[in-house]
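Below is one structure, written out as C-alpha cells, with a few remarks after it.
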Amino acid sequence: MDVSHILDSLNTEQREAVTADAGPLLIQAGAGSGKTRVLTHRIAWLNQVEGVSPFSILAVTFTNKAAGEMRTRVQELLNSSIGPMWVGTFHGLSHRFLRMHWKEAKLPQAFQILDSEDQKRMVQRSIRGLDLDETRWPPRTAMWYINAKKDEGLRPEHIRDEGDPTELQLIQIYKAYQTACDLAGAVDFAELLLRALETLRDNEELLQHYQQRFQHVLVDEFQDTNTIQYAWLRLLAGQHSSIFAVGDDDQSIYGWRGAKVENILNFSHDFPGTHVIRLERNYRSTGTILKAANSLIEYNSDRLGKNLWTDIGDGDPITFYSAYNEGDEANFVIERVMDHINTGGSRSETAILYRSNAQSRVLEEALFRSGLPYRVYGGMRFFERMEIKDALAYMRLMSLADDDISFERAVNQPPRGIGDKTLGQIRNAAREAGVSLWHASAEILAANALKGRASKAVGEFMKLIIKLRQETADMALDSMVEHIIEHSGLLEHYKKDRSDKGEARVENLQELVGAASTPPEVPDDMPDMTPLDAFLSNAALEAGENQGDEWEDCVQLMTLHSAKGLEFPVVFITGMEQGLFPSQRSIEESGKVEEERRLCYVGVTRAERKLYLTMAEHRRLYGKDHFSAPSKFISEIPSEHLQEIRPRMNVSRPMLQTPQRKAATVRDDNKTGLTVGQRVRHSKFGEGTVTDYEGQGAHARVFVNFESVGSKWLVMAYANLEVLSTA
DNA sequence: TTCTTACCTCTTTTT
DNA sequence: GAGGTAAGAA
C-alpha cells in the first residue's frame, strides 16, 4: 500500500509517533513542532494502514476550534467523511454520550445545558432559597467552589468534612444547587463530564461496550486535562485500548481551572509500558525567538525538559518598547503594524496579545482611529447576548417546561406584570413541594391562590408557551425561531428601544433566525434528539463567534490564553509589566508565577518571524493608575536577543501630568519628598515604585509597588525609604 | 409593578 | 469601567 501521503511530510520523530505499535504513547510536543499534524496523520495511519475502523477511534481536544480543525484535516487525509469516528471536545463527546444514554444517566430526554451565566443564576437561586446573605456568600464564589469539586469528580457527599464552617456552608449550597439542577433537568459544563463518567462507571454493560469499541483513544493538549477528564480517558481507554496523548508541559496554562500537569507525569505509571517521544524541532519560529523562549522557560522548575530548535536561521532580534502610557504603547504597536503592511504584509498576519481582556479597549480605540480593521477574540459571544438568551429561554421552556432558569428569564421578559412578589410566591410553592416553577405555577393557578391580575398574567404566560409549542410543532427551525421572537413579544419589546443598543438587539434576534436556518449536524447515534434540542445544546456548547468578519483581512486581537495553538508572522505581546503580566495575584501566591511564565512562553512561541514586547510605564486600568516596572520576564530573556527601542523625546506625556501635579501637592503637605512614580528602595523589600499616597504629616502612608514582594502600604515615619530617582 | 437612579463591588484566563 | 443590586419615584 502506498503510504507516502501519510508519511512523506513527516520528520523522523513525527514518523516514529505516527507509525508506533499499539500501546500507550506519550508525545512531548513542543510549540510549533507539528503536534496536530502528528495526531491527524496517526489517525490516517491507523485507518488506512492498520485497517482500524473509524468506529473504533476516539479523538478528543479542548476547544471547538481545535476539534473542528482536526475533523477537517482527518477528512482531507482520508479523503472521506469521518463517519462514526468520535472526534470532538471533552464536553461535546460527553454530551453526545448523555444524549444517547439519557435514561441510564437519569436525565430527562430533553435535558438542557446551563452555560456559565445560567449556572450563576441557578447558584444564586439556591443561595436565596437557603436564606443566606448574598454578600457573605457570593454566587460567583459558590459557583467556583462547585465547579472545582465537580472537576475533581466530587459530589457533596464525597467532600471530606473538615469542620470548616465556610466549607460546610458551601457544601450545603452545592447540595441545594444540584437538587435544583436535577429537578429542572439542567446540566452545567462540569456536570456533562461528571455525569458521563458516573454513568459509564456504574453501568457495566455500557462500560464494556465502549471499552471494546474504542480501540484507539487520542488526546490533544494533554497537559490541560483536569482530574475528571483524565479519569474519563482512563475509563474509556480501559486496559486494552491504545492511548495516544500529545501534550507540552511547558504550555500548561489552565491550572486555575483544574488542569493538572501532573497527569503527564503520572501517565507512564498509569499506563505501564508507555513509550515517550519528544518533538523538539520547531517549524514555526526564527532561531532568536526560540532561544528567547527556551531561556525564559528555563526559569521554571519541575519541567520534563526540552529544547526547541530550528535550522531556518536567527532572523530579527526581539524588539522591546517601554512606552510612557498605554496610549503611547498602542500607537507604537499600530505604527509597527503599518510598517508591516507597507512592506507588503497583510493585516491578518499580525496579532496583538494581552494578559486580560480589559487591556483591549485602548488598543481598539487606537486601531479604530487609525482606520485599521481589526478583530477581537473573546468577550461577549453571540449566544451569550441578553436578547439571544431571552429567545433561547422561550425555546428551552417549550422543549422542557421544568427548566427553571429559563422560566425565570422568560416569565417577565418582555414585562407582563409578573413581578418579584408573584414570582416569590411561585418560588416558595415550588420549593415546598419540591417541584419546578412551571409545575408550581400550574398548581397555584388551579388552587386560585393568586390575586386576579397576577393570576391572569401567569396563566397567559403558560398558555403562551403551550401555544408556541403547538403552533411551531411542524415548523422548520428557522420559521420556529421567527415565530417565537414575534409572538413572545420579544421582538416588539426590543424594537421599542430606539437606542443603538436596542437596534443591535433587534438585529441579533433576526440573526438568530438566520442561525437556525443552518441547524447543527446531529450524529447518527443520537436519533432521539429533536432539531430544537440539537440547536439549543449547540448554542450552549459552542457559544458562537463573538464578532464577525472572519473573512476580512484584519489585525488579530486576543488574550494570551486564546492565542494558544495559533501562529502569526508578527506578534506583539503588550502590557509586559510587573503586576500585570505576571499578574499581581500570581506574584502574591507562591508557585503561581510559573504558570504565568508558561503563558509568556506560549505568547513568545506564537511568533513566526518578528516578536515585539511592549509595556507602559503608566497605565490606567479599572479606573486606577498604575506605575509599573518591566515584567520580570523581560529580564529573563537574554539581552543579546533583545533590542530596546527608546521612546522619542517629543512625545507628549499627558497621562503623567495629573498624578505629578497631585503628587506635588502631597510633597508640600506632608514633606515626604516623594512623588507618585518615584523609584525607592526599602531595606527589606528592595526596590519599587511609589504608586499612591494617603494622609499627612506623621500619619502619611505611601503605596509602593515592590518588584519582589508586590505592593505594600508603608508608613513614612517608619519605612525609611531611600529615594533612587525622580519620577 | 416598572422604571430610574445611586451606589456598590470586582476585576485573568474559558469549555 | 461595567455590571449588578437596592432603594426610591411614577
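Numbers restart at 1 for each chain; the letters A, B, ... are given by sequence-line order, proteins then strands. All values reported here derive from a predicted model rather than from experimental measurement.
Counting any heavy atom pair closer than 4.0 Å across all strands shown, Trp232(A) reaches no nucleic acid atom. Heavy atoms of Arg121(A) sit nowhere under 4.0 angstrom from any nucleic acid atom. Using a 4.0 Å heavy-atom criterion, one finds that Ser586(A) contacts no nucleic acid atom at all.
A salt bridge does not link Arg121(A) with Glu408(A): every distance from a Lys NZ or Arg NE/NH1/NH2 to an Asp or Glu carboxylate oxygen is 4.0 Å or more. Comment: Arg257(A) does not engage Asp151(A) in a salt bridge, judged by the lack of any side-chain N to carboxylate O separation of less than 4.0 angstrom. One finds a salt bridge joining Lys389(A) and Glu117(A) here, because a Lys/Arg side-chain nitrogen approaches an Asp/Glu carboxylate oxygen to under 4.0 Å.
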Restricting both atoms to N or O, compile the protein contacts to nucleotides 6-9 of chain B shorter than 3.5 Å, with distance only.
none

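In summary, the side chains of Asn508(A) and Tyr494(A) do not present any donor paired with an acceptor at a separation below 3.5 Å, with no hydrogens or angles considered. For Asn263(A) and Gln229(A), the side-chain atoms include no donor-acceptor pair closer than 3.5 Å.
Note: Phe627(A) and His618(A) have tilted aromatic rings, judged against thresholds of 30 and 60 degrees for the angle between ring planes.
Counting only heavy atoms from C-beta on, Asn412(A) has its side chain closest to dT2(B) among dT13(B), dT15(B), dT2(B). Distance from the side chain of Arg257(A) is smallest for dT14(B) among the nucleotides dT14(B), dG1(C), dT13(B). Out of dT14(B), dT2(B), dT11(B), the shortest distance to the side chain of Arg140(A) is found at dT11(B). The Thr422(A) side chain lies nearest to dT1(B) when the options are dA2(C), dT15(B), dT1(B). Closest contact between the side chain of Arg361(A) and the listed nucleotides dG1(C), dT15(B), dT13(B) involves dG1(C). Comparing dT2(B), dG1(C), dT13(B) against the side chain of Trp256(A) picks out dT13(B) as the nearest. You'll find that the side chain of Pro415(A) is closest to dT2(B), out of dT14(B), dT2(B), dT15(B).
Within the 4.0 Å cut-off from OP1 or OP2 of dT15(B), not a single side-chain nitrogen or oxygen of Asn64(A) is found. Contact between the side-chain N/O atoms of Thr559(A) and the OP1/OP2 oxygens of dT14(B) is found at a separation under 4.0 Å.
Within the 6.0 Å centre-distance limit, the rings of Phe222(A) and Tyr230(A) are counted as a close aromatic pair. Taking the six-membered ring for Trp and the full ring otherwise, the centers of Phe214(A) and Trp86(A) sit less than 6.0 Å from each other.
Atoms NE2 and CD, from His626(A) and Gln578(A) in turn, are 14.0 Å apart once rounded to the nearest 0.5 Å. Between the CG atom of Leu200(A) and the CG atom of Leu98(A) there is a distance of 10.0 Å, given to the nearest 0.5 Å.
Computed from coordinates, the Trp144(A) CH2 to dT14(B) P distance equals 11 Å when rounded to whole Å. A straight line from CG of Leu114(A) to C1' of dT14(B) spans 16 Å, rounded to a whole angstrom. The nearest whole Å value for the distance from the CD atom in Glu384(A) to the C1' atom in dT14(B) is 9 Å. The nearest whole Å value for the distance from the CG atom in Asn357(A) to the C1' atom in dG3(C) is 15 Å. Distance Asn147(A) CG to dT14(B) P: 15 Å, rounded to the nearest Å. Taking atom CE of residue Met558(A) and atom C1' of nucleotide dT14(B), one finds them 15 Å apart after rounding to whole Å. Atom-to-atom, CG of Asp151(A) to P of dT14(B) comes out at 16 Å; the value is rounded to the nearest Å. To the nearest angstrom, P of dT2(B) lies 11 Å from NE2 of His493(A).
Judged by closest nucleotide on DNA chain B, Lys421(A) is the one of Lys421(A) and Phe90(A) placed further toward the 5' end. Judged by closest nucleotide on DNA chain B, Ala454(A) is the one of His561(A) and Ala454(A) placed further toward the 5' end.
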Fill in the blank from the handout: Reading nucleotides 5-10 of chain C from 5' to 3' and marking B where a protein heavy atom lies under 4.0 Å of the base, S where only the sugar-phosphate is that close, and - otherwise, the string is S-----
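Atom name P, nucleotides dT13(B) and dG4(C): the rounded distance is 16 Å, in whole Å.
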Problem - Dot-bracket summary - DNA chain B, pairs being Watson-Crick or G-U whose distances fall under 3.5 Å, with | when paired to another strand - result: ||||||||||.....
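Taking the ring centre of Tyr601(A) as origin, the terminal cationic atom of Arg597(A) falls outside the region bounded by 6.0 Å and 45° from the ring axis.
The number of heavy atoms from other shown groups lying within 6.0 Å of NZ (Lys632(A)) does not exceed 12.
Under the 3.5 Å distance criterion, the side-chain polar atoms of Arg195(A) are matched with a main-chain donor or acceptor of Ala105(A).
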